Trainee: 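One structure, pasted below without further comment.
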Amino acid sequence: MTTSSNIGSPIKVSVETFYVEAQSQPEKDKYVFAYTVTIKNHSLCSAKLQSRYWLITDANGKETEVEGEGVVGEKPTIGPGESYKYTSGAVLDTPLGTMQGHYVMRNEFGNEFKAPIEVFRLACPNILH
């Protein structure tokens with residue numbers, strides 16, 4: 001599943017999700033998901049990713065907030081018209097859940113702004129009809 005957003009932001013974020021069956025243990029309520037994020041800069045100046053914020057919600061309504069500097073150990077600078085792509089993961093107690101959040105970006109003039117990440121679904125195959 002692929003989701004993208006760019007509501008009011010020069011940064012467009014698209015996400016593709018995958019269920020990682022080999023690392024999951026449904027009998028122990030452990031469902032592993034990977035997601036690949038593509039961040040595209042549609043502005044006329046460079047933007048550096050400073051930090052991330054995620055709200056992860058499982059099917060039972062359990063919410064987990066994740067905040068931190070950069071992504072996958074990096075703080076990429078994305079030039080005008082350029083993209084940055086990375087893959088990360090999340091572990092849920094249920095076979096279905098959602099993620100949403102934002103990146104804090106800083107442009108080359110030192111101005112910070114949020115690039116929203118619209119809600120996207122984490123789901124085991126065939127869990128939804």
Side-chain angles (χ1 to χ4, degrees):
M1 170 184 272
T2 302
T3 304
S4 66
S5 67
N6 66 343
I7 301 169
S9 173
I11 302 295
K12 180 179 178 185
V13 179
S14 58
V15 182
E16 189 171 1
T17 62
F18 310 91
Y19 174 60
V20 186
E21 186 173 6
Q23 294 179 23
S24 297
Q25 297 175 297
E27 68 283 357
K28 294 181 179 178
D29 293 330
K30 179 183 174 188
Y31 299 87
V32 179
F33 297 92
Y35 53 90
T36 298
V37 177
T38 303
I39 305 166
K40 178 139 176 114
N41 183 352
H42 289 278
S43 75
L44 299 176
C45 60
S46 295
K48 182 173 184 169
L49 193 155
Q50 298 295 310
S51 63
R52 71 190 181 284
Y53 167 81
W54 291 110
L55 175 62
I56 306 165
T57 308
D58 73 13
N60 294 327
K62 176 183 164 190
E63 294 184 341
T64 304
E65 292 182 287
V66 178
E67 294 184 78
E69 289 194 6
V71 290
V72 294
E74 298 182 8
K75 286 185 170 183
T77 297
I78 307 165
E82 294 181 349
S83 295
Y84 175 80
K85 183 185 273 194
Y86 74 94
T87 300
S88 191
V91 180
L92 299 182
D93 296 338
T94 61
L96 181 65
T98 61
M99 287 180 68
Q100 62 187 312
H102 63 263
Y103 298 121
V104 174
M105 309 292 293
R106 180 178 293 139
N107 69 18
E108 60 193 57
F109 306 107
N111 299 317
E112 285 194 350
F113 62 96
K114 289 182 181 177
I117 306 161
E118 289 297 302
V119 63
F120 60 92
R121 186 180 330 222
L122 303 170
C124 291
N126 304 318
I127 197 76
L128 300 173
H129 302 295

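These numbers come from a predicted model, not from an experiment. What you see below is based on every heavy atom in this structure, not just the backbone, and it leaves out hydrogens, waters and symmetry mates.
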Trainee: If you take all heavy atoms of Leu96 and Ala123, which pair is closest and at what distance?
Mentor: CD1-CB, 3.5 Å

Trainee: List the atom of Thr94, the atom of Ala59, and the distance in Å for their closest heavy-atom pair.
Mentor: OG1-N, 2.9 Å

Trainee: Applying side-chain contact (heavy atoms from CB on, under 4.5 Å), can you list everything that pairs with Glu112, at least two apart in sequence or on another chain?
Mentor: Gln50, Val104, Arg106

Trainee: Tell me, which pairs form a ring-ring contact (aromatic ring centres under 6.0 Å, His included) where one or both residues lie in residues 64-102, sequence neighbours left out?
Mentor: Tyr53-His102

Trainee: If you draw a 6.0 Å radius around CD in Glu21, do more than 12 non-hydrogen atoms from other residues or ligands fall strictly inside?
Mentor: no

Trainee: Following the transitive rule for hydrophobic clusters with a side-chain heavy-atom cut-off under 4.5 Å over Ile, Leu, Val, Met, Phe, Trp and Tyr, establish whether Val72 and Leu49 coincide in one cluster.
Mentor: yes

Trainee: For the residue pair Ser9 and Pro116, what are the closest heavy atoms and their distance?
Mentor: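 Minimum heavy-atom contact is CB-CD, 3.7 Å.
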
Trainee: Taking ring-ring contact (aromatic ring centres under 6.0 Å, His included) as the test, write out the residues that go with Tyr19, two or more places apart.
Mentor: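 Result, ring-ring contact (aromatic ring centres under 6.0 Å, His included) vs Tyr19: Phe33.
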
Trainee: Quick one, Val37 and Val71 - any side-chain contact, counting heavy atoms below 4.5 Å?
Mentor: no

Trainee: Would you call Ile39 and Ile78 a side-chain contact if the rule is heavy atoms closer than 4.5 Å?
Mentor: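 A side-chain contact under 4.5 Å exists here.
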
Trainee: Kindly write out the residues that satisfy side-chain contact (heavy atoms from CB on, under 4.5 Å) with Glu69, not counting sequence neighbours, or none if the list is empty.
Mentor: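 Testing Glu69 for side-chain contact (heavy atoms from CB on, under 4.5 Å), a comparison that skips the adjacent residues, returns Lys75.
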
Trainee: Just grab all the salt bridge (Lys or Arg N to Asp or Glu O under 4.0 Å) pairs involving residues 38-64, residues at least two apart or on different chains.
Mentor: Lys62-Asp93

Trainee: My understanding is that only residues two or more places apart in sequence, or in another chain, count here; which of them pass side-chain hydrogen bond (donor to acceptor under 3.5 Å, both in side chains) with Asn60?
Mentor: none

Trainee: What pairs with Asn41 under side-chain hydrogen bond (donor to acceptor under 3.5 Å, both in side chains), at least two apart in sequence or on another chain?
Mentor: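 Asn41 satisfies side-chain hydrogen bond (donor to acceptor under 3.5 Å, both in side chains) with Ser43 only.
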
Trainee: Suppose we screen for side-chain hydrogen bond (donor to acceptor under 3.5 Å, both in side chains). Which residues come up paired with Lys85, at least two apart in sequence or across chains?
Mentor: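 Partners of Lys85 under the side-chain hydrogen bond (donor to acceptor under 3.5 Å, both in side chains) test: none.
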
Trainee: By the rule that ILVMFWY residues connect when side-chain heavy atoms come within less than 4.5 angstrom, directly or transitively, which residues belong alongside Leu44?
Mentor: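 Members besides Leu44: none; it forms no cluster.
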
Trainee: Applying side chain to side chain donor-acceptor pair (under 3.5 Å) as the test, list every pair that has at least one member in residues 29-38; sequence neighbours left out.
Mentor: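 Sorted pair list: Thr36-Thr87.
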
Trainee: Linking Ile, Leu, Val, Met, Phe, Trp and Tyr by side-chain heavy atoms under 4.5 Å, what else ends up with Val91?
Mentor: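 Traced through the cluster, Val91 reaches Val20, Val32.
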
